[in-house]
Enquirer: 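The following block contains the structure, expressed as structure tokens.
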Amino acid sequence: MGKLLERKIAPRDELSDLVVEAIEHTLAFNPLIGIRGQDVALAALALARAMALPPKEMGVMAGEYLRELRAVADGTSEAMPDPKDRRFTDPAWKSNFLFRRLLQLHGATQKSLAKVINRSSLDALAKARAHFFLSLAADALAPSNWPLLNPLALRKLIDTGGENYVAGVRNLIHDIRNNNFLPSQVDKAPFKIGVNVAATPGQVVHRSEMFELIQYAPSGPHVHARPLVMSPPQVNKFYAVDLAPEKSLIRWVVDSGVQMFVVSWRNPSAEYSHWGLGDYVKALDEAVDVAREITGSPDVNMWGTCSGGMTLAAYLGWLAAKGEHKVANTSWAVCILDTEAALADTALGLFNTPSAISAAKARSRRRGMVTGPEMSRMFAWLRANDLIWNYWVNNYLLGNKPPAFDILFWNNDSTRLPGQFHCDLLGLFETNPFAKAGELIIDGVPIDFGAVDVGAYVIGGVTDHITPWRACYGTARLLGSDTTFVLANAGHLQSLINPPGSPKSFFFAAPATAADPDEWAKAAQAGRVEGSWWPHWREWIQQRSGERVAAPAAPGCSNHPPICPAPGTYVLFCR
């Protein structure tokens, strides 16, 4: 779609470049384990195999490389990095004799090795792995990462008399002790859950072993009769949708006159390692029944995000198989149900082979849990330049604190996954059960997702590297004819946290009737809408939330009285 799908960047006075990169490339919602040590070795082996070109062809490649090095040395090379590469935006990379040549040497070497890979006889998967390892190594060895080769760090060395490196060493020691040897992404000190994040008024009206159900207080005298129940991802805490008031989706829903209930999953310990997808499905059913009883509505609308959306899909299939109608309409954010499309369109597909998935399952069963830091570490190496080396420079070379930003605070407040649930999620990627009837069984009931009949609103992000928009479009196609697909010009998190007000926001919205996502996108260009998709969704959900009735005078009901104020207690459980 060309320039119409430009990457959304928040205004510079709101976010630093570092924060923008972190938001665009955060991997928090993804339920899979990312890159492992053996995956890196596999990719390195692919690069080594690519180097085994016939001698004559290798000689040609070496000659081309030497000619480029000569051009770098004598100052005639015009090679420069992509202008969007924030590592090299400092003017010294272009104007200084030494820095310019270091940069061009780095680029020439990477470009030459990429040509070797492309000309090799490796198959497409092996070439992709070789390119991945080359990118991993090139990012690690970039001159911007070295204390005496980064002009920003050297300038600060002179300005501070070396205090930046002293502070950097302190930051490094702190991260070795407290952050699993990774650079910290956020300064957590300014944030307190329930005070300046997750602070929308409400009450916990139901608590079980697996979850707390929060009912949010209405903001006006009337509400719509049919409530909305949200199923957030289990891999993170729910309050990504309840950050600062001006970007709180929960507050936006409440202000829309919709009765809002949110499931807050428990952060499980080892004793709950047996919890699986079926347990989470039945927990959703319990939450829906409580919301129905409190509101008196015979059915609800639901919202699912990423792995929470996968759980929602399994729940809908389970209800359909039993002939029960409890859910009328659904909203899906950055959620992939056609898992074959997910693996084909992301870096995860390079390593999540059947053998790798089987190994990950065995490991989860053996250990019983997958921890938040473990997931963060493995995912960080999938996009190391954005999630590691940016912070390496900021924290250690410049001696700065990591940024204090609410999205990053939430992103680092990850949870554990029960071993069985992680195995079940991996199984979804093995069998693709939402596209294949009978592949998934919940509580003894075979699931046919084709039997699900609900209205649907599906959101994807143009620059989302984690749940690519074309794969999210596949979700819309699975949900039938009454489905609207919305494509926001944003990345993984910003396509969800997309409040009105940004001058660079826009989106496309149309029924998901085209079989091919690119054909849908071509047709949708004429319907570009400036601004956030939130008002568009508000109109959609209000039309499907029933008549307006008097707002409840108090939360809960006789069988489900208020237990404690939102955001509850489960969200406070530490890692």
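For reference, positions follow the sequence shown, starting with 1. Atoms considered below: every heavy atom in the structure, side chains included; atoms not considered: hydrogens, waters and symmetry mates.
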Enquirer: Do the non-hydrogen side-chain atoms of D90 and R155 ever get within less than 4.5 Å of each other?
Expert: yes
Enquirer: Decide side-chain contact (heavy atoms from CB on, under 4.5 Å) for L243 and S248; before the verdict, give the C-alpha distance in whole Å, the side-chain angles of both, and the deciding distance to 0.1 Å.
Expert: CA-CA 5 Å; L243 297 171; S248 169; 5.9 Å; no
Enquirer: Using 0.5 Å steps for rounding, measure from the CG atom of N400 to the CG atom of N164.
Expert: 8.5 Å
Enquirer: Distance-only, no hydrogens or angles: does the N411 side chain make a donor-acceptor pair with backbone N or O of I407 under 3.5 Å?
Expert: no
Enquirer: Counting only heavy atoms not in M80 (residues, nucleotides, ligands), do more than 12 fall under 6.0 Å from its CE?
Expert: yes
Enquirer: Can you find a pair of side-chain heavy atoms, one from R266 and one from T415, that are under 4.5 Å apart?
Expert: no
Enquirer: Does the side chain of R87 come within less than 4.5 Å of W389's, by heavy atoms?
Expert: no
Enquirer: Step through the shown structure and confirm whether more than 12 heavy atoms of other residues, nucleotides or ligands are within 6.0 Å of CZ on R70.
Expert: no
Enquirer: Would you name the heavy atoms of Q234 and G308 that are closest together and state the gap between them?
Expert: OE1-N, 3.7 Å
Enquirer: For P147 and A153, which heavy atoms make the closest approach, and how far apart are they?
Expert: O-CB, 3.9 Å
Enquirer: Suppose the criterion is ring-ring contact (aromatic ring centres under 6.0 Å, His included): which pairs have a residue in residues 135-192, not counting sequence neighbours?
Expert: F191-F409
Enquirer: For R129 and L125, indicate whether the former's side chain and the latter's backbone hold a donor-acceptor pair under 3.5 Å.
Expert: no
Enquirer: List the steps and the verdict of side-chain contact (heavy atoms from CB on, under 4.5 Å) for V204 and Y570.
Expert: CA-CA 10 Å; V204 172; Y570 283 3; over 6 Å; no
Enquirer: Please work out which of the three classes, parallel, tilted or perpendicular, describes the rings of W252 and W534, given edges at 30° and 60°.
Expert: tilted
Enquirer: Which pair of heavy atoms, one from R101 and one from G75, lies closest together, and at what distance?
Expert: NH2-CA, 3.1 Å
Enquirer: Does the N267 side chain pair with the main chain of R416, one donor and one acceptor, at a distance under 3.5 Å?
Expert: yes
Enquirer: Kindly compute the distance separating CG (L141) from OG1 (T109), expressed to the nearest 0.5 Å.
Expert: 10.0 Å
Enquirer: Side chains of S231 and Y280: closer than 4.5 Å at any heavy-atom pair?
Expert: no
Enquirer: Just wondering, do Y396 and P183 contact through their side chains at under 4.5 Å, heavy atoms?
Expert: yes
Enquirer: Are L487 and V462 packed together at the side-chain level, in the sense that at least one heavy-atom pair is separated by less than 4.5 angstrom?
Expert: yes
Enquirer: Check whether any side-chain N or O of T463 sits under 3.5 Å from a backbone N or O of A490 as a donor-acceptor pair, and report yes or no.
Expert: yes
Enquirer: N150 vs S144, test: side-chain hydrogen bond (donor to acceptor under 3.5 Å, both in side chains). Steps then yes/no.
Expert: CA-CA 5 Å; N150 186 313; S144 55; 5.1 Å; no
Enquirer: Side chain of N498, backbone of A488: donor and acceptor closer than 3.5 Å?
Expert: no
Enquirer: Could you pull out all residues at least two apart from E68 that satisfy side-chain contact (heavy atoms from CB on, under 4.5 Å)?
Expert: V72, S77, A79, A108
Enquirer: Roughly how far, to the nearest 0.5 Å, is CD1 of I459 from CZ of F507?
Expert: 10.5 Å
Enquirer: If you look at every heavy atom in L417 and H422, which pair is closest and at what distance?
Expert: CD1-CD2, 4.2 Å
Enquirer: For the backbone of H131 and the side chain of S135, can you confirm whether one donor and one acceptor N or O come within less than 3.5 Å of each other?
Expert: no
Enquirer: Donor-acceptor check, side chain of S273 to backbone of A270, threshold 3.5 angstrom: yes or no?
Expert: yes
Enquirer: Is there a donor-acceptor pair under 3.5 Å between the side chain of N489 and the backbone N or O of F506?
Expert: yes
Enquirer: Take M230 and L249 through the test side-chain contact (heavy atoms from CB on, under 4.5 Å) and record every step on the way to the result.
Expert: CA-CA 11 Å; M230 181 174 285; L249 180 62; 4.3 Å; yes
Enquirer: Which heavy atom of G194 sits nearest to which heavy atom of P567, and what is that distance?
Expert: CA-CD, 3.8 Å
Enquirer: Roughly how far, to the nearest 0.5 Å, is the CG atom of N96 from the CG atom of L103?
Expert: 11.0 Å
Enquirer: Let me confirm one number: the CZ-OG1 distance from F421 to T311, rounded to the nearest 0.5 Å.
Expert: 4.0 Å
Enquirer: Hey, what's the ring geometry for W265 with F211, parallel, tilted or perpendicular (30° and 60° as the breaks)?
Expert: perpendicular
Enquirer: Using 30° and 60° as the class limits, which term best fits the ring planes of H106 and F88: parallel, tilted or perpendicular?
Expert: tilted
Enquirer: Would D413 and Y239 count as having a side-chain donor-acceptor pair, cut-off 3.5 Å?
Expert: yes
Enquirer: If you take all heavy atoms of Y216 and A566, which pair is closest and at what distance?
Expert: CE2-CB, 4.2 Å
Enquirer: Show, in sequence, the C-alpha distance, side-chain angles and deciding distance for K156 and L397, and conclude whether the side-chain contact (heavy atoms from CB on, under 4.5 Å) test is met.
Expert: CA-CA 9 Å; K156 196 163 185 181; L397 304 194; over 6 Å; no
Enquirer: Counting C-beta onward and ignoring hydrogens, is there a side-chain heavy-atom pair between C423 and R365 closer than 4.5 Å?
Expert: yes
Enquirer: I'd like to know if the side chain of D175 and the backbone of S184 have a donor-acceptor N/O pair within less than 3.5 Å.
Expert: yes
Enquirer: With sequence neighbours left out, write down each residue that passes salt bridge (charged side-chain N to carboxylate O under 4.0 Å, His left out) with R49, or none if nothing qualifies.
Expert: none
Enquirer: Atom CG in D424, atom CD in E430: separation rounded to 0.5 Å?
Expert: 10.5 Å
Enquirer: Does Q185 use its side chain to pair, donor to acceptor, with the backbone of L408 at less than 3.5 Å?
Expert: no
Enquirer: Quick one: does V393's side chain get under 4.5 Å of L398's, heavy atoms only?
Expert: yes
